[in-house]
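All of these numbers come straight from a predicted model, not from anything done at the bench. In what follows, every heavy atom counts, from backbone to side chain, and hydrogens, waters and symmetry copies are set aside.
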Amino acid sequence: MLSVLYSMPSVCPVFHAIYLSCIPDSPTMLSVALSLGAVLVFLLLLVVQRVRTEGAWALWWHDNYLEKLKDFLSGTTRPVRMLRHVQKVAEHGDAQSVLAAVDSYCSNVEWAMNVGDLKGQILDAVVLETRPRYVLELGTYCAYSTVRMGRLLPPGARLISIEMNPDYAQVARKILHHAGLDTQGEQPAEGTEQPSAQRRWRLQEALIYTTLHCLQLPLQLFSRNPPNPLGSSLPRDRSSERQQPGKLQTCKVEILVGSTSDLIPQLKKKLDIDTFDFVFIDHWKVSYLKDTKLLEECDLLRPGSVLLADNVICPGAPEYLHYVRTSPRYESQYFPSQLEYLQVEDGMEKSVFLG
């Protein structure tokens, strides 16, 4: 019918015009398609650049998008996926192998907010310099920093780590056990996953990582860590002198589950510890200042106690930084670095309690 109208424009000029407007103009459509493609490429490059260099974008991309998408597709959580990777590739009883497995996983497979290998060198150096016997960690997560500190502490030392999330604490205990660190309390059961569940997970894993690798590839190409910006200013890392794989004489590690505001006042009586030599602060950033003041009020710090706070730039802890830098009770030093496994600016603040 429309072809008839097209052949008779004088009979029905209105329908003739409508018909002509329905015929695609190939050069025009191609130009539109190319323009849309160019806009999409520009937006993709813009997102990649922002995620690489801006903390808010990086945290949104990795924590609010990729993590939730992988959780939904796999039916597991990021800590569980990390644990399975560690159990699969890391040598049992070798803390350094566990750290390398986590670093490899977070650099190449799935980002996670551990201390990371670059800032981990700062943590190692401060621990070796301080030589603490009583250590408090605020925020365990998957025990990456717990393993880093524990492998450097002498036998008989005590490392107390507080974690609010019981699921994270369960994963942390299993990773510590795999690293060969002596954890107090119930030991995690080994081999509890059924073969059929393992096969299902392998299929899901292959599907997830194949599907999502294209989303992370542009970021991975530009997110390799540069050399340590501190260079020779850090004390020499003697961790290799302190540990022989498979022959690690460990400190005692205990994970307490609950909020820091509830547990910190109980530490003296609950653990029979007078003061801590070293405190690593790496939990909720809004709680940095509140919990530091709580440690002071509970007399858990002595003159010479060292506090090391992570992520003071990204996501940031401005109130905490202002307090330790202006208070006469502290002498502070800032260590510039990058957000773990990315090139986003971050840093750590070392503060010595003066009394």
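- Among I255, L159, L176, I175, the one residue that satisfies the side chain to side chain contact (heavy atoms under 4.5 Å, CB included) test with T183 is L176.
- Between L271 and L256 there is a side-chain heavy-atom pair separated by less than 4.5 Å.
- For the salt bridge (Lys or Arg N to Asp or Glu O under 4.0 Å) criterion with R148, the lone passing option out of D117, D124, D282 is D124.
- D346 contributes no side-chain N or O that, together with a main-chain N or O of S337, makes up a donor-acceptor pair within less than 3.5 Å.
- V102 approaches Y144 most closely through the heavy-atom pair CG1-CD1, 3.5 Å.
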L123 vs S145, test: side-chain contact (heavy atoms from CB on, under 4.5 Å). Steps then yes/no.
CA-CA 8 Å; L123 175 60; S145 53; 4.0 Å; yes
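- The two atoms that bring T140 and A172 nearest to each other are CG2-CB, 3.7 Å, heavy atoms only.
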L295 vs L136, test: side-chain contact (heavy atoms from CB on, under 4.5 Å). Steps then yes/no.
CA-CA 10 Å; L295 289 170; L136 175 65; 3.7 Å; yes
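- Formation of a donor-acceptor pair under 3.5 Å by the K285 side chain with backbone atoms of H283 is found in this model.
- Annotation for E296: atom CD counts as buried by contact number, over 12 foreign heavy atoms lying within 6.0 Å.
- Taking the six-membered ring for Trp and the full ring otherwise, Y134 and F276 have centroids separated by 6.0 Å or more.
- Put simply, the side chain of D299 reaches to within 4.5 Å of the side chain of K268, judged on heavy atoms.
- Look at E254 and K270 and you find no salt bridge, because none of the NZ, NE, NH1 or NH2 atoms lies under 4.0 Å from a carboxylate O.
- The side-chain heavy atoms of V253 and R173, taken from C-beta on, include no pair separated by under 4.5 Å.
- Here the shortest heavy-atom pairing between S261 and P265 reads O-CD, 3.3 Å.
- The structure places CZ of F278 at 8.5 Å from CG of L307, a figure rounded to the nearest 0.5 Å.
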Between N165 and Y141, is the side-chain hydrogen bond (donor to acceptor under 3.5 Å, both in side chains) condition met? List the steps.
CA-CA 8 Å; N165 189 315; Y141 190 41; over 6 Å; no
Is there a side-chain contact (heavy atoms from CB on, under 4.5 Å) between I264 and D291? Walk through the geometry before answering.
CA-CA 8 Å; I264 287 176; D291 288 340; 4.0 Å; yes
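- Side-chain contact between Q96 and R151 is present, with at least one heavy-atom pair separated by less than 4.5 Å.
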Determine, step by step, whether L294 and T260 satisfy the side-chain contact (heavy atoms from CB on, under 4.5 Å) criterion, reporting the C-alpha distance in whole Å, the side-chain angles of both residues, the deciding distance to 0.1 Å, and the verdict.
CA-CA 9 Å; L294 188 58; T260 51; over 6 Å; no
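- D277 pairs with exactly one of R133, R302, R158 by the salt bridge (Lys or Arg N to Asp or Glu O under 4.0 Å) rule, that one being R302.
- The local environment of CD in Q266 is crowded, with over 12 non-hydrogen atoms from other residues, nucleotides or ligands closer than 6.0 Å.
- Considering all non-hydrogen atoms of both residues, T292 and Y323 come closest at CG2-CE2, 4.4 Å.
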Run the side-chain hydrogen bond (donor to acceptor under 3.5 Å, both in side chains) check on Y105 and E110 step by step: do they pass?
CA-CA 6 Å; Y105 182 85; E110 181 177 10; 2.6 Å; yes
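- Between V306 and V352, the closest side-chain pair of non-hydrogen atoms falls below 4.5 Å.
- Here the side chains of V135 and L153 are in contact, with some heavy-atom distance below 4.5 Å.
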May I have the step-by-step check of side-chain hydrogen bond (donor to acceptor under 3.5 Å, both in side chains) for R81 and T76, ending in yes or no?
CA-CA 7 Å; R81 294 190 292 272; T76 61; 3.3 Å; yes
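- Scanning all heavy atoms of the two residues, the minimum distance from C106 to M82 falls at SG-CE, 4.1 Å.
- Looking at S332, its side chain does come within 3.5 Å of a backbone N or O of V324 through a donor-acceptor pair.
- Checking side-chain atoms of Y168 against main-chain N and O of G139 turns up no donor-acceptor pair under 3.5 Å.
- Contact detail for G355 and R329: the closest heavy-atom pair is O-NE, 3.2 Å.
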